[in-house]
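Quick notes on the structure that follows.
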There are 2 protein chains.
Amino acid sequence: MSPTKMPTERTVTLKDVAEHAGVSPMTVSRALNKPATVSETLRARIGASVESLGYVQNLVAGALASAGSNVIPVIVPSLSNSVFVEVIAGIQDVAQAAGYQLMLGNTEYDLDREYGAVSTFLGWSPPGMIIAGMRHLDRTRNLLKRWGKPVVEMMEYGTQAIDMNVGLSHYKAGETMATHLVTQGYREIVFIGCRIQADYRAAQRYKGMDRILARHGLHRREPISYDGPSNWALGGDALMDVLEATPKVDAIFFANDDLAVGAILRAQREGVAVPKRVAIAGFNGLGLADLVQPGLTTIMSPRLEIGRVAARQLLDRFAGHTPAKRRVDVSFQLQVRGST
Amino acid sequence: MSPTKMPTERTVTLKDVAEHAGVSPMTVSRALNKPATVSETLRARIGASVESLGYVQNLVAGALASAGSNVIPVIVPSLSNSVFVEVIAGIQDVAQAAGYQLMLGNTEYDLDREYGAVSTFLGWSPPGMIIAGMRHLDRTRNLLKRWGKPVVEMMEYGTQAIDMNVGLSHYKAGETMATHLVTQGYREIVFIGCRIQADYRAAQRYKGMDRILARHGLHRREPISYDGPSNWALGGDALMDVLEATPKVDAIFFANDDLAVGAILRAQREGVAVPKRVAIAGFNGLGLADLVQPGLTTIMSPRLEIGRVAARQLLDRFAGHTPAKRRVDVSFQLQVRGST
DNA sequence: GCCAGAAATGATAGCGCAATCATTTTTATG
DNA sequence: CATAAAAATGATTGCGCTATCATTTCTGGC
């Protein structure tokens, strides 16, 4: 682990600072962590010593001694989906301002890797944890429950939360969009996404849609799922594929806006009339959805908000408060635009 | 720091596992960290004990005892710019596979906050660090140099690296794009970005462009800078603003593709002919740049690649190798499309 | 079977800090 | 001014683990 071991001068420790300032180590520790409890005189002297010795607190030792770090692990299934990035940015906003560091785990939609990440992160004695989704391996759930510290499951709103929960119902979102499409008169609707077997939130949107189609006695199709992470170009390809394979499709509900926007741009380029030939709908409410032509009908999900709320729920608990709600439904909003 | 302190059962420690398995703690430690050095019999027995007790390694203690953690801090100036996210994803790819955790710091383009982040992160005894950019406060540079462990400065390619460096020359990128625009016959060129005073990489692209304009004796303009993070909608607004304020502008070099794509979409919507009325160019090479109409002329920067290389440079050094090159110019590529 | 060398295991010590309680100094009060 | 209470400071101890060195057990060659 140690790189080219040069004859590095010994690291400066608390003790060194203490000696330099002529006080006890404990006083230095306090001056650094709870300045209010140290007299102004000493605080200044210690500050000067810290400065002149170039002392950097060893947070590892601090975390061990006090049995707790200020690191908050955040576990997400993907970084290539812009949604998670925005959520992370929201968490960062709040957490960093409160003096917490984020540690990032990426599971690539693999529940075993998720377990690994959780279990590794627990080893950092974090004061709490944020994890995307509510579907985990049993042992993951058990581990977190036994752990007993605050845990926020985000992105999805559900009843079986391990501890706290912030998100929205993807099933309802699917229902909402499908209802809209059916109301508009579309009859041959298909759902297109990526890694749907793993991305069960997308799958739930599909199921919500499917239920509505069933209720209206419409043609129900299996979702179309592509491998690999979603990206803009893929949406366009998917559009062309489905139009060729299933010409009578008159509406597509994409699993996310990245795909849907890609499809609209491609349609424009290929001269496919949207929504006349085929309607296109997405999910997320990316800023871009409003800029393409026609505007993309989508479901707005408050991504930054989810992140911020998740972080605040944790911070509340750290502070000893019981948060107003253990479960927050941030809800969503259907945004109808030209594409349907 | 401790939340509602319930009468939690004592944490399971190495010692507990050792007793349960009837071996010494040291053997358990070895079985966990260097399995090859422990006999198969004991390894199995210890594994069983770990399982049945639900033991989770305390990485904090481990890091303290061995004076080194497996956490790699990554410091970026922003998370709202998709570029950094992609770079982070690249780092994650490589680092997580090698068993390292990423710790995320966001400076919001503030060099003081950068110093704070660096100094906090050093407290986690990381084996190395990755930081965006080459422009830092003197004390930040000094801190990192004195630290002596591997540091990668990324995004930008330059000569004054603290240690290792992966990136590209933004100045040259600016020159390249400007040369292209001038060659195409554009004469009234303006640079538009966000937070240019802070985002000095964007500023360097501007300077590169400015030099070319000067050389050709063309009208040189101050860059136009908007406050706050860049986003798609802003690009469109900026386009309309500049066309109204300075009608004779015939080409815009946007600081990034997010803005440029927004501008193209807006132009389309408002009936502004691109590139006839005004040419539009960007920087980054987002996938989207190829999908809009007309396609966006841009400079492709290998973002994932930068992240991967940065991570690999670190890992190489951890392994004791001297990396082939301390400084890697990943270069860039001018991608000419319809928008110019 | 005996022994040298290798492999496996164990005992000890300490990483750098903060919790805790003991002690000293300061402040407020009558 | 004496004294109790509060504030500031210090001494001790241990967080859970691994580096290091000491010891034991296993190997193979003769």
Side-chain angles (χ1 to χ4, degrees), chain A residues 1-2 5 8-46 49-50 53-71 120 122-127, chain B residues 1-2 5 8-46 49-50 53-71 120 122-127:
Chain A
M1 185 123 315
S2 70
K5 194 174 278 176
T8 322
E9 58 248 62
R10 206 174 49 75
T11 3
V12 179
T13 72
L14 243 200
K15 213 172 140 196
D16 299 322
V17 176
E19 279 167 13
H20 188 273
V23 298
S24 79
M26 205 49 235
T27 303
V28 178
S29 169
R30 278 194 277 253
L32 262 33
N33 299 318
K34 296 170 193 163
T37 66
V38 174
S39 72
E40 208 165 326
T41 334
L42 287 191
R43 222 186 307 151
R45 216 159 81 209
I46 290 168
S49 298
V50 165
L53 294 179
Y55 171 65
V56 176
Q57 254 186 301
N58 184 328
L59 300 175
V60 175
L64 179 58
S66 64
S69 70
N70 65 344
V71 171
T120 304
L122 287 187
W124 284 102
S125 308
Chain B
M1 185 122 317
S2 67
K5 195 174 280 178
T8 323
E9 59 247 63
R10 206 174 51 73
T11 359
V12 179
T13 72
L14 243 201
K15 214 172 139 194
D16 300 323
V17 176
E19 280 167 12
H20 186 274
V23 297
S24 79
M26 204 50 236
T27 303
V28 177
S29 169
R30 277 194 277 253
L32 262 33
N33 300 317
K34 298 170 194 163
T37 66
V38 174
S39 71
E40 209 165 327
T41 335
L42 287 190
R43 221 186 308 150
R45 216 158 81 210
I46 290 169
S49 298
V50 165
L53 294 178
Y55 171 66
V56 175
Q57 254 187 300
N58 183 328
L59 300 176
V60 176
L64 179 58
S66 64
S69 70
N70 65 344
V71 171
T120 303
L122 287 187
W124 284 102
S125 309

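Hydrogens, waters and symmetry mates are skipped; everything else that's a heavy atom, side chains included, is used. In what follows, chains carry the letters A, B, and so on, assigned in the order in which the sequence lines appear, proteins first and then strands, with residues in each chain numbered from 1.
Of the possible polar contacts, one joining the B:Ser66 side chain to the B:Gly62 backbone as a donor-acceptor pair under 3.5 Å is found. A donor-acceptor pair is defined here as one N or O able to donate and one able to accept, closer than 3.5 Å; such a pair exists between the side chain of B:Arg45 and the backbone of B:Ala21. Between the side chain of A:Ser69 and the main chain of A:Ala63, no donor-acceptor pair closer than 3.5 Å is present.
For B:Thr27, a side-chain nitrogen or oxygen approaches OP1 or OP2 of C:dG10 to under 4.0 Å. Contact annotation: B:Ser39 reaches the phosphate of C:dT9 (side-chain N/O to OP1 or OP2, under 4.0 Å). Dashed line: the shortest gap from a side-chain N or O of B:Asn58 to OP1 or OP2 of D:dC15 is not under 4.0 Å. At D:dT18, one or more side-chain N or O atoms of B:Ser29 fall inside 4.0 Å of OP1 or OP2 (strictly under the cut-off). In this model, the phosphate group of C:dG10 is approached by a side-chain N or O of B:Ser24 to a distance below 4.0 Å at OP1 or OP2. Distances shorter than 4.0 Å separate some side-chain N or O of A:Lys34 from OP1 or OP2 on C:dA19. OP1 or OP2 of C:dC15 has not a single side-chain nitrogen or oxygen of B:Ser66 nearer than 4.0 Å.
Residue B:Arg43 contributes atom CZ, which lies 9 Å from atom P of C:dA8 at whole-angstrom precision. Spacing between atom CG of A:Leu32 and atom P of C:dA18 amounts to 8 Å, rounded to whole angstrom units. For B:Met26 and C:dT12, the CE to P distance is 14 Å, given to the nearest whole Å. Counting to the nearest Å, the P atom of C:dC17 and the CH2 atom of B:Trp124 are 13 Å from each other. When the P atom of D:dT9 is taken as reference, atom CD1 of A:Ile46 falls 8 Å away, rounded to whole Å.
Counting non-hydrogen atoms under 4.0 angstrom, B:Leu59 reaches nothing in the nucleic acid. Heavy atoms of A:Val60 sit nowhere under 4.0 angstrom from any nucleic acid atom. Across all strands, A:Leu14 comes closer than 4.0 Å only to sugar-phosphate atoms, never to a base (heavy-atom distances).
Checked options B:Leu59, B:Val60, B:Thr11; the residue passing with A:Ser125 is B:Val60 (criterion: side-chain contact (heavy atoms from CB on, under 4.5 Å)).
To the nearest 0.5 angstrom, B:Ser39 atom OG is 8.0 Å from B:Ile46 atom CD1.
Projected onto DNA chain C by closest heavy-atom contact, B:Ala61 and B:Glu40 fall at different nucleotides, the more 5' of which corresponds to B:Glu40. Comparing A:Lys15 and B:Ala36 along DNA chain C, the residue whose closest nucleotide (by nearest heavy atom) sits nearer the 5' end is B:Ala36.
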